[in-house]
Amino acid sequence: MEKKIDRRRNYKIVLDTETCPMDKDFKGVDPYNMWTYDIGWTVTDKHGNIYETRSFINADIFLAEKDLMQSAYYADKVPQYWKDIKAGKRILTSFYKIRQALITDIETYNINEVYAYNMRFDYGTLNNTQRWLTKSKYRYFFGRDIQIKDIMKMAQDVIAKTPTYKQFCFDNGFLTTHKTPRPNLKAETVYRYITQDTDFIESHTGLEDVMIETAIMAYCYRKHKKMRQALFN
């Protein structure tokens, strides 16, 4: 049965990745030292209504690079991934097929905007994984016609500047580790603020994290404030 799609809506994709390092001895977090092993996304709209959810495990890294997977920051979640794969919650497949699934959703819903929280990281690791696996035959994960958007920039302009957010962070100790601490802008903290749930803990798995990022994006749109969105500006 053909899916009924309301063509009047402006559909979007929000995605999140989990990664392992190519060079486990590299100091710092550089997206171009990272490979994507987990990618989840939602097909959504600016109001946060969710029409599709996807959760994929990249077999080209998850299986083929088992030693490096042990260096992933959340390597302790590997047993849970296997349980989820067996239960059908996540699909284990090649990076090529994951990208094809994304392209299918983009074409089906006529999408031209893809969002992530701190998109610089997701954009970098997806490109890096694409280049490694294709030996640089294909260098970019997203097509040229896709607008790349960063939810963190939206949150910086709409949420982080408000006195209530700053007070929320100081009251609850959600601060940076700078010499002079200031409110942090982690997705976990921003979601705690918009839900007023100070006990919320981010999952650090692709699909689960993309659900909170979708909610943050929708919250920013609801405020109708001037904000940056594009990654490249």
Side-chain angles (χ1 to χ4, degrees), residues 5-17 29 31 39-53 102 105-106 109-127 140-178 180-198 200 202 206-233:
I5 297 172
D6 186 348
R7 297 298 176 185
R8 297 168 297 178
R9 293 188 181 275
N10 182 12
Y11 296 100
K12 309 171 188 301
I13 280 177
V14 181
L15 61 79
D16 183 71
T17 62
V29 180
I39 177 170
W41 68 81
T42 59
V43 175
T44 184
D45 59 28
K46 68 185 296 183
H47 306 293
N49 299 310
I50 293 174
Y51 305 94
E52 305 282 3
T53 60
L102 185 76
D105 277 344
I106 287 172
Y109 287 90
N110 194 29
I111 291 168
N112 61 16
E113 298 176 337
V114 177
Y115 294 69
Y117 197 93
N118 189 17
M119 175 58 98
R120 175 185 170 274
F121 183 86
D122 299 278
Y123 182 83
T125 184
L126 287 167
N127 285 344
Y140 296 98
F141 185 79
F142 300 108
R144 292 184 179 181
D145 56 336
I146 297 299
Q147 299 176 45
I148 309 299
K149 304 293 187 76
D150 190 348
I151 300 169
M152 188 166 74
K153 286 188 175 181
M154 298 166 68
Q156 284 173 332
D157 292 347
V158 174
I159 299 172
K161 295 178 180 179
T162 64
T164 52
Y165 180 76
K166 293 175 183 177
Q167 193 62 52
F168 175 83
C169 290
F170 279 109
D171 288 347
N172 293 284
F174 302 147
L175 305 172
T176 65
T177 57
H178 293 91
T180 302
R182 54 181 181 264
N184 74 49
L185 201 64
K186 296 177 181 177
E188 179 180 73
T189 302
V190 174
Y191 188 75
R192 286 171 173 172
Y193 170 74
I194 68 175
T195 61
Q196 292 297 296
D197 179 4
T198 56
F200 172 78
E202 192 172 7
L207 178 59
E208 289 70 20
D209 289 357
V210 88
M211 299 299 285
I212 75 169
E213 294 175 15
T214 300
I216 295 169
M217 179 199 70
Y219 179 92
C220 290
Y221 272 120
R222 284 199 302 273
K223 294 301 179 181
H224 301 289
K225 292 183 178 180
K226 184 177 180 180
M227 60 185 172
R228 295 166 299 151
Q229 297 180 354
L231 175 62
F232 303 111
N233 69 3

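Numbering starts at 1 and runs along the sequence shown.
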Is a side-chain donor or acceptor of [X] paired with a backbone partner of [Y] at a separation under 3.5 angstrom?
X	Y	value
Asp150	Ala230	no
Thr44	Asn49	yes
Thr176	Arg182	yes
Tyr193	Cys169	no
Thr195	Tyr191	yes
Lys153	Leu231	yes

Sequence neighbours excluded - salt bridge (Lys or Arg N to Asp or Glu O under 4.0 Å) pairs with any residue from residues 209-232: Asp157-Arg228
Over all atoms of both residues, closest heavy-atom pair of Ile111 and Ile146: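 Taking every non-hydrogen atom into account, O-CD1, 3.7 Å.
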Drop me the distance from [X]'s [atom1] to [Y]'s [atom2], to the nearest 0.5 angstrom.
X	Y	atom1	atom2	result
Ile194	Tyr165	CD1	OH	10.5 Å
Asp197	Glu188	CG	CD	10.0 Å
Met119	Phe232	CE	CZ	8.5 Å
Tyr140	Asn127	OH	CG	7.0 Å
Glu113	Lys46	CD	NZ	9.5 Å
Ile13	Tyr109	CD1	OH	10.0 Å

Any residue meeting side chain to side chain contact (heavy atoms under 4.5 Å, CB included) with Ala187, in chain and number order, not counting sequence neighbours: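 Counting only residues at least two positions away or on another chain, Ala187 forms a side chain to side chain contact (heavy atoms under 4.5 Å, CB included) with Tyr117, Glu202, Ile212, Ile216.
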Between Tyr51 and Asp45: side-chain donor-acceptor atoms closer than 3.5 Å: yes
Between Asn184 and Thr189, a side-chain donor and acceptor under 3.5 Å: yes
So do [Y] and [X] actually touch side chain to side chain, heavy atoms under 4.5 Å?
X	Y	answer
His47	Tyr221	no
Ile39	Leu126	yes
Lys149	Met217	no
Val190	Met152	no
Pro183	Phe174	no

Reference residue Trp41; test side chain to side chain donor-acceptor pair (under 3.5 Å); the match among Asp16, Thr214, Asp105: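 Going through Asp16, Thr214, Asp105 one by one, the side chain to side chain donor-acceptor pair (under 3.5 Å) with Trp41 is satisfied by Asp105 alone.
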